[in-house]
Amino acid sequence: MRILVVGAGGVGGYFGGRLLQAGRDVTFLVRPRRAAQLAEHGLGIKSSYGDYHHPKPRTVQADALSEPFDVVLLSCKAYDLDDAIASCAAAVGLNTVILPLLNGMRHIDMLDARFGRTAVLGGLCMIASTLGENGEILHLNDNHAVIFGERDGSQSARAAALEAELTEATFSSTRSDAIVQRMWEKWVFIATGAGLTSLMRGSVGEIEAAGGAPLAEALLAECARIATEAGFPPSEASLRRSVSMFTARGSSLTASMYRDIERGGRTECEHVLGDLLRRGRGEAPMLRAAYTHVATYEIRRAAN
């Protein structure tokens with residue numbers, strides 16, 4: 001399969017790099033600055049699962065795309081989604097499979113509207129990674145998994161072919177017949193963690209020490225209720241895991257959204273918090289407070 005990875009940051013660079021390491025045909029769709037960085041330093045991965053370096057990964061820029069790929073692996077930040085869709089459009093043909101690894105569901109609506117529902121698989125990834133000084137990918141935890149599948153739960157030939165393509169890579173890959181359920185469960189988890197640590201501006205352990213465990217549980221309950229209203233109630237196991245993680249004494253856990261705020265960067269507030277809030281039918285005061293807090297930060301950031 002010819003695979004186009006849209007973006008070569010912490011997510012796309014990691015999974016695309018591991019696919020290169022497994023001998024797969026991978027091209028990275030990147031902007032000029034990242035293309036120059038990869039040309040100078042190559043694509044490097046530093047991970048507890050083994051380091052990897054490719055001196056000259058194949059890259060392409062949007063204006064040079066001229067033919068469809070078999071797979072488009074979409075790994076951009078949510079706030080770059082409009083640009084990413086426009087940039088990769090020429091790579092999407094009649095038989096192209098789009099595998100997005102973003103959080104939430106808003107991107108699915110946008111991809112369906114642009115490319116048609118049949119082109120888009122459901123997908124998610126589990127990883128914490130960032131870029132180092134020279135653009136190398138720094139893998140920060142023990143998770144490095146991709147989960148994907150047909151959104152109607154069917155066992156299609158194209159999903160099986162993609163599974164075979166991913167199997168020999170270093171990361172974990174799983175084909176799921178309940179991928180939309182898995183996506184909603186991750187969204188509830190991500191929104192709770194992002195909302196909690198961004199609103200309180202601290203780690204889970206710091207929030208717990210300040211007496212904030214009931215607030216964590218209240219925010220989780222609101223997010224879970226919205227998922228349930230949408231027809232995807234989180235499993236009891238996923239909720240127990242979330243409660244345990246977001247009320248853990250001494251935990252250093254923070255969400256990437258909070259870390260983005262701390263460094264003065266742009267956040268995925270609208271995609272993760274705002275879209276979930278708008279899908280709810282009842283009051284969600286904790287989620288609304290978290291969203292308003294981060295949205296206010298974004299307004300102030302844009303003005304400076």
Side-chain angles (χ1 to χ4, degrees), residues 11 76-81 100-110 122-128 141 143 147 178-204 206-208 212-248 251 253-262 265-298:
V11 174
C76 64
K77 288 288 190 179
Y79 47 73
D80 286 331
L81 185 57
L101 299 180
L102 288 76
N103 294 316
M105 297 297 293
R106 187 180 181 189
H107 63 286
I108 295 292
D109 297 337
M110 294 171 66
L124 60 90
C125 67
M126 308 293 286
I127 192 170
N141 65 357
N143 292 329
I147 305 170
I179 188 60
V180 178
Q181 175 72 28
R182 299 290 297 270
M183 292 169 68
W184 270 95
E185 287 183 351
K186 186 186 178 188
W187 193 6
V188 168
F189 178 84
I190 290 290
T192 301
L196 180 69
T197 61
S198 298
L199 179 60
M200 301 303 171
R201 296 294 184 97
S203 69
V204 164
E206 291 166 341
I207 296 165
E208 189 278 335
L215 299 180
E217 294 184 23
L219 178 55
L220 175 64
E222 290 177 4
C223 296
R225 176 181 56 78
I226 294 170
T228 300
E229 291 171 353
F232 300 96
S235 69
E236 287 301 319
S238 73
L239 292 176
R240 285 195 300 271
R241 173 175 172 269
S242 295
V243 169
S244 175
M245 292 186 69
F246 294 135
T247 62
S251 172
L253 178 66
T254 60
S256 60
M257 186 177 294
Y258 165 71
R259 297 192 296 273
D260 289 338
I261 293 171
E262 286 294 286
R266 196 172 178 185
T267 72
E268 295 183 311
C269 173
E270 288 298 331
H271 198 86
V272 173
L273 300 178
D275 189 45
L276 186 62
L277 181 64
R278 286 185 287 271
R279 290 174 190 251
R281 294 198 291 267
E283 291 298 316
M286 280 293 300
L287 181 59
R288 181 167 296 282
Y291 166 71
T292 303
H293 180 80
V294 183
T296 302
Y297 158 82
E298 289 287 4

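Worth knowing before you read on, the calculation uses all heavy atoms, side chains too, and leaves out hydrogens, waters and symmetry mates.
- Side-chain contact between M105 and V180: present, with at least one pair of heavy atoms (C-beta onward) separated by less than 4.5 Å.
- Rounded to the nearest 0.5 angstrom, T192 OG1 and E217 CD are separated by 11.0 Å.
- No side-chain heavy atom of M200 sits less than 4.5 Å from a side-chain heavy atom of E206.
- With rounding to the nearest 0.5 Å, the separation of CD1 in I190 from CE in M257 is 9.0 Å.
- When side chains are defined from C-beta on, I261 counts as touching R201, because their heavy atoms get closer than 4.5 Å.
- Crowding of R288 atom CZ: a count of heavy atoms from other residues, nucleotides or ligands under 6.0 Å not exceeding 12.
- You'll find the side chain of L276 reaches within 4.5 Å of the side chain of W184, heavy atoms only.
- Under the side-chain contact (heavy atoms from CB on, under 4.5 Å) test applied with C269, the options T296, D260, V294, D275 reduce to a single match, V294.
- Exactly one of E298, R259, K77 qualifies for a side-chain hydrogen bond (donor to acceptor under 3.5 Å, both in side chains) with T267. That residue is E298.
- Within the 4.5 Å cutoff, no side-chain heavy atoms of R106 are placed close to those of L81.
- Rounding to the nearest 0.5 Å places OG of S235 at 4.0 Å from CD of E185.
- V188 approaches A227 most closely through the heavy-atom pair CG2-CB, 3.7 Å.
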